[in-house]
Amino acid sequence: MKRLGMQPTLLTCNTLLNALVRYPSSHSIRLSKVVFTDFIKIGVKINTNSFNILIYGSCMENRFGEAIRVLGKMGDYGCPPDNITYNTILDGLCKKGRLNEARELLLDMKNKGLFPNRTTFNILVVGYCKLGWLKEAANVIELMSQNNVAPDVWTYNVMIGGFCKQGRIDEAMRLREEIESLKLSPDVVTYNTLINGCFEHGSSEEGFKLIDEMERRGMKLNSVTYNVMVKWFVKKGKIDEVEKTVRKMEESGCLPDIVTYNTLISWHCKVGKMDEAFQLMDEMGRKGLKMDGVTLNTMLHALCRERKLDEAHDLLCSAHRRGYFVDEVSYGTLIMGYFKHEKASQALRLWDEMKEKEIIPSIITYNSMIAGLCHMGKTYQAIDKLDELLESGLVPDEITYNTIIHGYCQEGQVEKAFQFHNKMVEKNFKPDVVTCNTLLSGLCKEGMLEKALKLFNTRISKGKDVDAVSYNTIILALCKEKRFGEAFDLLAEMEEKKLGPDRYSYHAILSGLTDAGRMKDAEEFISKIAEKGKSEYQFLEMGKRQDARTGEIPQEPHPNAIANSNKINELCSQGRYKDAMKIFHESTQKNIVLLKSTYLNLMDGLTKRRKSTSKEHRLT
DNA sequence: GACGACGACT
């Protein structure tokens, strides 16, 4: 067109820009900027809309600074920014959790005499809900009504999603009823949000009930509904149901999309079936679906898990060359991979590289980095990163604080951990059960078991939740002190509360018993685990007896001890736990004391086997 | 506005 000397019209210009900006490649967005300046040079009279498209592209790349600079220059070209301009950037900022910048921009918008419209408000609700600040989100909804902008289904759907993310399914359900009373009808998004929430936090039955309800109401399930179901069945390992759902999806005219494939690919990667993951990627290509940034990041994650860090790094570079959106998730994945495999210097280098590329770290990226620094024993540097995080306009979350508290505990600085904890509580940090567990283990590690017990009991008496990890932490510490009676009491207590016991509890007890030389008790304990399921509180009786006993007379190692231990260990590694148990019983009958690792291996096997049997149960 | 990828506690 240029060669032919034809002058493009505004429509041509905006159509082309739009196409470039929406096309899923970072190259095309870069091109859109070139095309834009070209259009101005050859004298096309661009309008506000042209700028809005350009800005949308910048936001796609998370270049908010650039977007705001462009917004500032629009006036010079006779194209004043409008609501769409502001909403575009606000949307990007809110989705990324950059609420401080969003607030500033909102102020600027009002100063320019533009009024927030329904979209603006909805964007803000999204921003607050993403951070889990539901009170603030509700305030925005209140503000809408005051400004005569009625909240719509979108608004409520976001709010429902916010409740679901925090596991507050009842409140989410209640809000849905509220919409119906407002004569707004819940749509497919409302249902999908709730169904996903039920699957993630509530009961799956509730979720399936909602699907039935949709069908009864004549509401068509869309690809998201199916993807939510696929994710659920994948999570439960129900391969048949996954296939059935995908088939149903195809029959109903919703072809499996990039999300469906990414879910399946990620699953295969997680269970180590890389071949099948690659097969799915081929299949995707044959069906004309282009892999996206999420697919890329899934593969990066899989490579890191397999310790193939060089390959992961190569993939990152080549993906960048080929125009994929390499983002903070890609970098975060690899940084975490390096830290996990003790390659801190490479992790730090990658962080700098990411910054050089102007890729903005998210809260998760910062948390990974903070965790890595703490892991290296450099909590003071982690604090620097926390400051940097705050400066960047992000809001630290529970994970950020818990990570740093854990860092201090790991260094043996429990005192500092508590100080930091208290200081942060004064800000807006809401300590949760993970915080408590971190402090508990920190206290135990430093031999302050009594303080830990006090913290643990206070938390329970205050009616705050404790979980399996809390119990296991205390049980482990008690066992190390050979206080088996109390340990068994807690074991029974956690069973009563349906919190366990799990393999961590068993591990704690068995390690304690074997370390104390109470091999007979360890053997009996293993047998109990094997029989478990017959009656509840079966460990209680054993625990009570423990206090009366005074340790055991050390025995001469039996000549077959090592041989039998090895045999059992080998059978366990082959997954032949039944055979392993047989040798175990034979050994105990002959009074053969086995190696410590054998007890732990057997226990691992026994807990694994129970898991798989219960899965089989669910299938029938 | 809903679904898929990276982060905390034994």
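Residue numbers begin at 1 in each chain, while the letters A, B, ... track the order of the sequences. The structure displayed is predicted, hence computed values, not measured ones. Note that these values count all heavy atoms, side chains included, but never hydrogens, waters or copies made by symmetry.
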Using a heavy-atom cut-off of under 4.0 Å over every strand shown, decide if [X] touches base, sugar-phosphate, or nothing.
X: A/Val469; result: base
X: A/Val329; result: base
X: A/Ile258; result: base
X: A/Asp467; result: nothing
X: A/Asp397; result: base
X: A/Asp257; result: nothing

Between atom [atom1] in [X] and atom [atom2] in [N], what is the gap in whole Å?
X: A/Asp502; N: B/dC9; atom1: CG; atom2: C1'; answer: 13 Å
X: A/Trp267; N: B/dC3; atom1: CH2; atom2: P; answer: 21 Å
X: A/His341; N: B/dC6; atom1: NE2; atom2: C1'; answer: 15 Å
X: A/Asn122; N: B/dA2; atom1: CG; atom2: P; answer: 11 Å
X: A/Tyr504; N: B/dC9; atom1: OH; atom2: P; answer: 10 Å
X: A/Tyr226; N: B/dA2; atom1: OH; atom2: C1'; answer: 16 Å
X: A/Ile364; N: B/dA8; atom1: CD1; atom2: C1'; answer: 12 Å
X: A/Met144; N: B/dG1; atom1: CE; atom2: P; answer: 13 Å

Closest approach to the side chain of [X], judged atom by atom: which nucleotide of [options] is it?
X: A/Ser441; options: B/dA5, B/dC3, B/dT10; result: B/dT10
X: A/Val228; options: B/dT10, B/dA8, B/dC3; result: B/dC3
X: A/Lys130; options: B/dA5, B/dC6, B/dA2; result: B/dA2
X: A/Asn437; options: B/dC3, B/dA8, B/dC9; result: B/dC9
X: A/Thr193; options: B/dG1, B/dA5, B/dA2; result: B/dA2
X: A/Ser266; options: B/dA5, B/dC3, B/dA2; result: B/dA5
X: A/Thr473; options: B/dG1, B/dT10, B/dC3; result: B/dT10
X: A/Lys270; options: B/dA5, B/dA8, B/dG1; result: B/dA5
X: A/Val153; options: B/dG1, B/dA8, B/dA5; result: B/dG1

Are [X] and [Y] close enough that a side-chain donor and a side-chain acceptor fall under 3.5 Å?
X: A/Thr365; Y: A/Ser362; answer: yes
X: A/His201; Y: A/Gln166; answer: no
X: A/Asp257; Y: A/Thr260; answer: yes

Looking at [N], I'd like to know if its phosphate oxygens (OP1 or OP2) sit under 4.0 Å from a side-chain N or O belonging to [X].
X: A/His406; N: B/dC9; value: yes
X: A/Asn196; N: B/dC3; value: yes
X: A/Lys95; N: B/dG1; value: yes

Discussion item. Can you tell me how the ring of A/Phe420 sits relative to the ring of A/Tyr401, calling it parallel under 30°, perpendicular over 60° and tilted otherwise?
Written reply: tilted
Ring-face cation of A/Lys290 near A/Tyr324 (centre distance under 6.0 Å, axis angle within 45°) =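 Positive - A/Lys290 is close enough to the ring of A/Tyr324 and near enough to its axis.
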Could you check whether A/Tyr408 and A/Phe418 have their ring centres less than 6.0 Å apart? no
message = Before we go on, tell me: are the rings of A/Phe525 and A/Tyr506 under 6.0 Å apart, centre to centre?
response =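 Close enough - the centres of the two rings lie under 6.0 Å apart.
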ask   = Is A/Asn222 side chain donor-acceptor paired with the B/dA2 base, going by distance under 3.5 Å alone?
value = yes
Review point. Within the modelled atom types, does a donor on one side and an acceptor on the other bring the side chain of A/Asp187 and the base of B/dG1 under 3.5 Å apart?
Key: yes
